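Some notes on the structure that comes next.
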Amino acid sequence: MQLARWSIVVPVKTLIRAKTRLAGAAGPYRAALAVAVASDTVSAALRCARVARVVVVTADPVPAERLAELGAHVVDDPDKGLNTALRVGAAEAVRLAPGDAVGALQADLPALRPEELDKVLEAALGFEESFVPDAADVGTTFYGVSPGVEFRPRFGGESRARHLSGGAKELTVEGIPSVRRDVDTIDDLRQAMSLGLGPHTLPLAGVIIPPSRGGDQAPWG
């Protein structure tokens, strides 16, 4: 039986704006960390069995080049806000494959595991519009729609409440901590390390968080 296919849209900020809340801890590694985290997110999504393509939306040539090398389809960000960027990416995804479901995934999931994302995508197929809250149950890490359904992302701030009020189904899937663990702060990065970071983020995290505090970690794969 053929798996239902998904296009995943990943928005990536310009490096001057990326990971500003980590600036104090990351110091000169902040921009490199942002690219590494996005690289692990995109790489894991591309390895997911149900994902046919990843559409990256960015206005920065550095992550654009790196993520294209990994296999992402890159389109330009019009710089009119996160949700506008996601809609641009979704429109491109529909142009490329009008019969596929479309999902949005935050770019800061450095511990993301393909098999956990696959669980989310399988569950999302049961609803026209659905989402996964972040680990704090405040924001959103994934939002998806079935083929032909209007793509209406409501990311930013307390987006869990906005997605719920907008009628999207909250997915309560067991065993998906890597999908919910986005990284905005140094404590988030420590939590992601405990799950097992991807190979792009791991070396930088080892510099930012010394082993005596973060523990010796091996990449998940």
Side-chain angles (χ1 to χ4, degrees), residues 6-23 25-82 84-93 95-97 102-114 116-117 141-142 153 155 178-179 181-186 188-189 192-193 195-209 217-221:
W6 282 81
S7 296
I8 298 296
V9 180
V10 178
V12 178
K13 293 180 181 178
T14 56
L15 295 182
I16 196 170
R17 299 176 182 174
K19 297 294 158 224
T20 54
R21 291 169 65 186
L22 274 166
Y29 301 102
R30 180 180 62 84
L33 179 65
V35 175
V37 168
S39 296
D40 281 326
T41 303
V42 168
S43 295
L46 285 168
R47 293 174 59 191
C48 179
R50 296 176 194 272
V51 174
R53 67 197 56 81
V54 171
V55 178
V56 166
V57 187
T58 186
D60 195 306
V62 174
E65 181 178 3
R66 177 76 61 84
L67 299 174
E69 289 173 353
L70 293 174
H73 178 85
V74 180
V75 296
D76 189 53
D77 185 348
D79 198 23
K80 295 182 179 180
L82 173 58
T84 296
L86 287 169
R87 288 191 291 271
V88 167
E92 177 67 1
R95 185 189 72 81
L96 293 170
V102 180
L105 196 65
Q106 292 280 32
D108 56 354
L109 303 170
L112 183 64
R113 284 168 165 76
E116 293 184 15
L117 178 58
T141 58
F142 167 84
F155 284 85
S178 75
V179 182
R181 182 71 277 164
D182 56 342
V183 172
D184 290 317
T185 68
I186 194 66
D188 294 339
L189 184 58
M193 286 184 78
L195 296 175
L197 294 171
H200 297 92
T201 307
L202 180 62
L204 287 169
V207 174
I208 295 166
I209 304 177
Q217 296 286 328
W220 53 257

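Everything numeric in this text was worked out from a predicted model, so none of it was measured.
- For Leu112 against Ala45, the heavy-atom pair with the smallest separation is CD2-N, 4.2 Å.
- Nearest heavy-atom pair across Ser7 and Arg53 is OG-NH1, 2.7 Å.
- Remark: of the listed residues Val179, Leu109, Leu195, Val179 is the sole one forming a side chain to side chain contact (heavy atoms under 4.5 Å, CB included) with Glu116.
- Glu92 CD to Arg95 CZ: the interatomic distance, rounded to the nearest 0.5 Å, is 4.0 Å.
- Pairing each heavy atom of Ala72 with each of Val56, the nearest pair is CB-CG2, 3.7 Å.
- Using a 4.5 Å heavy-atom cutoff, the side chains of His200 and Leu70 are in contact.
- Considering OG1 of Thr41 and CD1 of Ile8, their distance stands at 12.0 Å, rounded to 0.5 Å.
- Contact record, Gly103 with Phe142: CA-CE1, 4.0 Å, taken as the closest heavy-atom pair.
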Ile186 vs Ile208, side chain to side chain contact (heavy atoms under 4.5 Å, CB included): CA-CA, chis, key distance, verdict:
CA-CA 9 Å; Ile186 194 66; Ile208 295 166; 3.7 Å; yes

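- Between Asp108 and Asp184, some side-chain heavy-atom pair lies under the 4.5 Å cut-off.
- More than 12 heavy atoms of other residues, nucleotides or ligands lie within 6.0 Å of CZ in Arg50, so this atom counts as buried by the packing criterion.
- Judged purely by atom type and a 3.5 angstrom limit, Thr58 uses its side chain to pair as donor or acceptor with the backbone of Val12.
- Contact detail for Gly89 and Val55: the closest heavy-atom pair is O-CG1, 3.9 Å.
- Side-chain contact check for Asp77 versus Pro11: every heavy-atom pair is 4.5 Å or farther apart.
- Using a 4.5 Å heavy-atom cutoff, the side chains of Ser39 and Val35 are in contact.
- The distance from the CG atom of Asp60 to the CG atom of Asp79 is 11.0 Å, given to the nearest 0.5 Å.
- Partners of Leu204 according to the side-chain contact (heavy atoms from CB on, under 4.5 Å) rule, which considers only residues two or more places apart in sequence or in another chain, are Tyr29, Ala32, Leu33, Ala36.
- Although no hydrogens or angles enter the test, the distance criterion places a donor-acceptor pair under 3.5 Å between the side chain of Ser178 and the main chain of Arg113.
- In this structure, Arg181 CZ and Gln106 CD are separated by 12.5 Å, a value rounded to the nearest 0.5 Å.
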Intermediate values then yes/no, side chain to side chain donor-acceptor pair (under 3.5 Å), Thr185 and Asp188
CA-CA 5 Å; Thr185 68; Asp188 294 339; 3.3 Å; yes

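- Among all heavy-atom pairs drawn from Leu86 and Ala104, the shortest one is CD2-CB, 3.7 Å.
- Using a 4.5 Å heavy-atom threshold, the side chains of Asp40 and Leu197 count as separate.
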